[in-house]
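Start at 1 and go down the list; that is how both ligands and their atoms are numbered.
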Amino acid sequence: MSTTLEIRDLTAGYGRIDILHRISLTIGNFGNVGLFGPNGHGKTTLLRTISGLINPREGSIRFNDIEIAGLSPRAIVEHGLIHVSQGNRLFPDLTIGECLTLGAYPKRARADEEANRDAVIKIFPKLAERWRQKVRTLSGGERQMVSIGTALMSSPRMLILDEPTLGLAPKIKEELCASVLGISERGVPLVVVEQDVEFLLELSKHLYLINHGEVATEIQPGQSLDHSEIMSLYFGQ
Ligand SMILES: Nc1ncnc2c1ncn2[C@@H]1O[C@H](COP(=O)(O)OP(=O)(O)OP(=O)(O)O)[C@@H](O)[C@H]1O
Ligand SMILES: [Mg+2]
């Protein structure tokens with residue numbers, strides 16, 4: 001069975017301001033999905049609403065045909081929908097090993113803790129070398145590895161990454177992109193927000209351009225637009 005996320009007419013925001021305006025998208029039918037768009041147009045807000053950190057005002061979010069809109073973040077994690085936030089959200093005083101162990105807290109992930117740890121170390125061998133090092137002493141790239149590794153410890157059915165390469169030096173970014181591609185080859189469908197459309201195209205041929213809290217353009221696999229065509233869509237908005 002393929003893992004699907006169906007978002008219909010979703011409205012959400014902060015205080016009295018709506019950021020998402022009846023946005024609809026389908027994720028999973030074609031495998032990975034890439035989301036891109038200008039700064040401040042609601043990509044992070046969309047991801048935070050999907051994972052229960054923001055309560056939707058209207059609309060539906062169905063994960064594998066189960067309605068999850070309005071559930072707590074914890075309940076959504078138990079369904080296997082795991083979100084790695086934009087920026088560094090790790091506890092600075094924990095070691096790498098402690099962070100990864102925390103990732104195994106969902107009930108559905110506990111039995112697989114050892115196998116998941118082995119898988120994380122295969123994807124990010126550097127983490128094993130620095131197992132007892134505290135997060136506060138890690139580089140940006142290493143922190144991103146810990147964040148994604150911790151998410152993998154939760155046995156995701158679908159993994160959501162919000163700008164995983166933000167602020168990384170080119171070489172580190174390349175390494176991280178290769179690791180993320182490796183995760184998708186293991187069969188975990190990914191939803192990735194990135195400014196780097198080149199990377200998104202490597203990951204998926206199914207992209208959404210988000211503008212003003214709505215889907216401005218959906219690019220489906222059959223369309224196979226190249227990077228320059230996508231850029232002209234982007235800047236044509
Ligand atoms: N906690 C908050 N309270 C009030 N407004 C917020 C809050 N978080 C974000 N916003 C506003 O919501 C809008 C959308 O922000 P969001 O972070 O979703 O954009 P984004 O597309 O992820 O941008 P970026 O590409 O810079 O990460 C922005 O105008 C932002 O100022
Ligand atoms: Mg964002």
Minimum-distance pair of heavy atoms, taken over all atoms of Leu100 and Val120: CD1-CG1, 4.1 Å

Is there side-chain contact between Tyr234 and Leu209, with heavy atoms separated by less than 4.5 Å? yes

Are any of the side-chain heavy atoms of His79 and Arg108 separated by less than 4.5 Å? no

Measure up the His212 and His41 rings against each other and bin them: parallel (under 30°), tilted (30 to 60°), perpendicular (over 60°). tilted

Pair Glu67, Ser60: side-chain N/O donor-acceptor within cut-off below 3.5 Å: yes

With side chains defined as the heavy atoms from C-beta onward, is the minimum distance between Leu46 and Val193 less than 4.5 Å? no

Strictly under 2.8 Å of the Mg ion (ligand 2): which protein N/O/S atoms qualify? Thr44 OG1, Gln86 OE1

Assess whether a salt bridge exists between Glu58 and Arg22, defined as any Lys/Arg side-chain N lying under 4.0 Å from an Asp/Glu carboxylate O. yes

Near ligand 1, which protein residues have a heavy atom under 4.0 Å away? Tyr14, Ile19, Pro38, Asn39, Gly40, His41, Gly42, Lys43, Thr44, Thr45, Gln86, Glu163, Gln195

Got Pro164 and Val84 here, is their nearest side-chain heavy-atom distance under 4.5 Å? no

Is Tyr208 close to Thr26 at the side-chain level, that is, under 4.5 Å between some pair of heavy atoms? yes

